[in-house]
2 protein chains.
Amino acid sequence: MARRGSYAKGVAKREEILERALEVVAREGYRGASVKEIAEAVGLSQAGLLHYFDSKEELFTEILRKRDEHDGDEFRTDAPGAARAAYLRVIRHNVQTPGLVELFSRLAVEAADPAHPAHAYFLERTTELRAQLAQQADEFSGIRDVPPETLARIVQAVTDGLQLQWLLDRTVDMAGTVEALFAILDDARATQDGKDD
Amino acid sequence: MARRGSYAKGVAKREEILERALEVVAREGYRGASVKEIAEAVGLSQAGLLHYFDSKEELFTEILRKRDEHDGDEFRTDAPGAARAAYLRVIRHNVQTPGLVELFSRLAVEAADPAHPAHAYFLERTTELRAQLAQQADEFSGIRDVPPETLARIVQAVTDGLQLQWLLDRTVDMAGTVEALFAILDDARATQDGKDD
DNA sequence: GTCTATACTCTGATAGAC
DNA sequence: GTCTATCAGAGTATAGAC
C-alpha cells in the first residue's frame with residue numbers, strides 16, 4: 001500500500017490521530033469541536049494536525065469513517081435472522097457516544113453541498129446501508145405494494161430522525177421506537193399475507 | 001401589545017425583515033447564509049440587522065417561526081380526515097423551499113445544546129406536532145400495543161430523516177415515502193383489528 | 001429609536017523556519 | 001514532520017451620528 005517509508009509513516013500517524021480523535025469526540029462530546037481542541041487532545045498544534053488532513057471537514061469525515069469501521073467489526077453479523085438485532089445493538093451503542101451522533105448529524109446536513117468532502121461518503125454510506133436493509137427481505141420487508149428499497153429508506157429515515165429528536169431530548173428511546181417500527185412492519189406483513197389478490 | 005409607538009415600529013420592522021429574510025432563504029437557498037448576506041438582501045448593514053435580533057441564532061430561529069406561521073395559515077385544516085392530506089401538502093411544499101429545509105435541519109442539530117436560542121423552539125414545536133399527530137388517532141394511530149405518541153414520533157422521525165436524505169439527494173421522494181408509511185400503518189391496524197385477545 | 005462605522009475575537013487555512 | 005506566525009473571514013459588541 002505504502003510506496004515509501006515516509007509515506008507509510010504518514011499513514012500510520014494518520015490512523016493514530018483518527019483513533020485518538022474518535023475516542024475524544026466519543027467521550028468528551030462534540031461541542032462545536034474545533035480543530036485546535038482535537039489537535040491538543042491528540043498532542044499536536046492546529047497546523048500540525050492539519051498537516052495530515054486537507055481540511056477540518058476532511059478530518060471529521062475520516063473520523064466518521066473510522067467509526068463505521070469499528071461498528072462493522074463489533075456489530076456486523078452474518079447469522080441469518082440476526083440483522084435486526086445487530087441494527088438495534090448499534091443504535092443502543094450510539095447512546096453511549098453522543099458526540100459522534102452529533103458529529104454525524106451535523107455533517108449529514110453540511111454534506112448536502114456536493115462540493116463538501118463528506119458528500120460522497122454520505123451518499124455511499126446511505127446507499128450501502130439501504131441495500132443491506134433491503135437485502136434482508138425476510139426481516140425488513142415482505143410487504144407487497146411497498147418495494148424493499150422504500151422500506152429500507154423508511155427504517156433509515158426513522159433512525160436518522162430519531163437521532164435528531166434524541167440530541168434535543170436525551171430521554172427519547174431510540175432503540176425502543178425502532179423496535180416498535182419493526183413490530184408494525186411485521187403486522188403490516190401479516191395483513192398482506194392474509195390477502196389473496 | 002406595543003407599549004409605545006416607537007416600540008411598535010421596531011416590531012413592525014422586525015416583521016418586515018423576517019418576511020424578507022424568509023423569502024430570500026427560500027428562494028436563494030441557505031448556502032451557509034451569513035448574517036451579512038441576509039442583511040444586504042434586506043437592505044441593511046450587518047450591524048443594522050443585528051440591532052433587531054440578539055444574535056445570528058435568534059434571527060434564524062425567528063425565520064423558522066415565521067415559516068411555521070405561514071405553513072399554519074396555508075395548510076392547517078380542521079376538516080375531519082384531512083390531517084394526513086395537509087401533512088403531505090406541507091411536505092410537498094417543502095420541496096419548493098430547499099433553503100428553509102436546510103436551515104431547519106441545521107438548526108435542529110445545533111439546538112441540541114440547551115443554551116442555544118432555538119432549543120426551546122424545537123422542543124415546543126416537536127412536542128406540539130407530536131401531540132397533533134397523536135390526537136388524530138383515527139388517521140395516524142389505532143394500532144394496539146403501540147401508543148399513539150410512539151406512532152407520532154415515528155411519523156415525525158421519518159419526515160425529519162427523509163429531509164436529510166433529500167438534502168443529500170434531491171431525487172428522493174419525501175411525500176411518496178411518507179404515503180407508503182401511512183399505507184403500512186393502515187395495514188398494521190387492519191391486522192390488529194383482526195385480532196381478538 | 002435607528003443605523004453606520006469600527007474594532008475585537010475566534011476559526012480554519014497557509015507560508016515558511018527549523 | 002512539526003512548529004510559529006500570519007492571514008482572511010465570520011460573528012459579535014460598542015460608540016456615536018442622525
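Below, all heavy atoms of this structure are taken into account, side chains as well, without hydrogens, waters or symmetry copies. First the proteins, then the strands, lettered A, B, ... as listed; each starts at 1.
Between B:Glu179 and B:Arg84 no salt bridge is recorded (no basic side-chain N to carboxylate O distance below 4.0 Å). A salt bridge links B:Glu58 with B:Arg14: the closest approach of a Lys/Arg side-chain nitrogen to an acidic carboxylate oxygen falls below 4.0 angstrom.
Counting only heavy atoms from C-beta outward, the side chains of B:Leu100 and B:Leu22 approach each other to under 4.5 Å.
When rounded to the nearest whole Å, the span between NZ of A:Lys56 and C1' of C:dC10 equals 12 Å. Atom CZ of A:Arg31 is separated from atom C1' of C:dT11 by 18 Å (rounded to the nearest Å). Taking atom CG of A:Leu50 as the reference point, atom C1' of D:dT4 lies 15 Å away to the nearest angstrom. Atom CD in A:Glu57 sits about 16 Å away from atom P in C:dT11, given to the nearest Å. Atom-to-atom, CZ of B:Phe53 to C1' of D:dG11 comes out at 16 Å; the value is rounded to the nearest Å. One atom, OH of B:Tyr52, and another, P of D:dT12, lie 18 Å apart when rounded to the nearest Å.
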Apply side-chain contact (heavy atoms from CB on, under 4.5 Å) to B:Phe122 and B:Leu64, showing your working. CA-CA 10 Å; B:Phe122 276 100; B:Leu64 290 181; 4.0 Å; yes

Begin with the C-alpha distance, continue with both residues' side-chain angles, and end with the deciding distance and a verdict on salt bridge (Lys or Arg N to Asp or Glu O under 4.0 Å) for A:Glu149 and A:Arg130. CA-CA 7 Å; A:Glu149 296 77 33; A:Arg130 195 157 52 246; over 6 Å; no

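Looking at residues 34-47 of chain A, you'll see A:Leu44, A:Ser45, A:Ala47 sit with a heavy atom under 4.0 Å from some atom of DNA chain D. Proximity of residues 109-121 of chain B to DNA chain D (heavy atom under 4.0 angstrom from any strand atom) is not detected for any residue.
Surrounding CZ of A:Arg31 are at most 12 heavy atoms belonging to other residues, nucleotides or ligands under 6.0 Å away. Annotation for B:Arg27: atom CZ counts as buried by contact number, over 12 foreign heavy atoms lying within 6.0 Å.
Taking both residues in full, the closest heavy atoms of B:Ser105 and B:Leu167 are given as OG-CD1, 3.8 Å, listed atom of the first, atom of the second, then distance.
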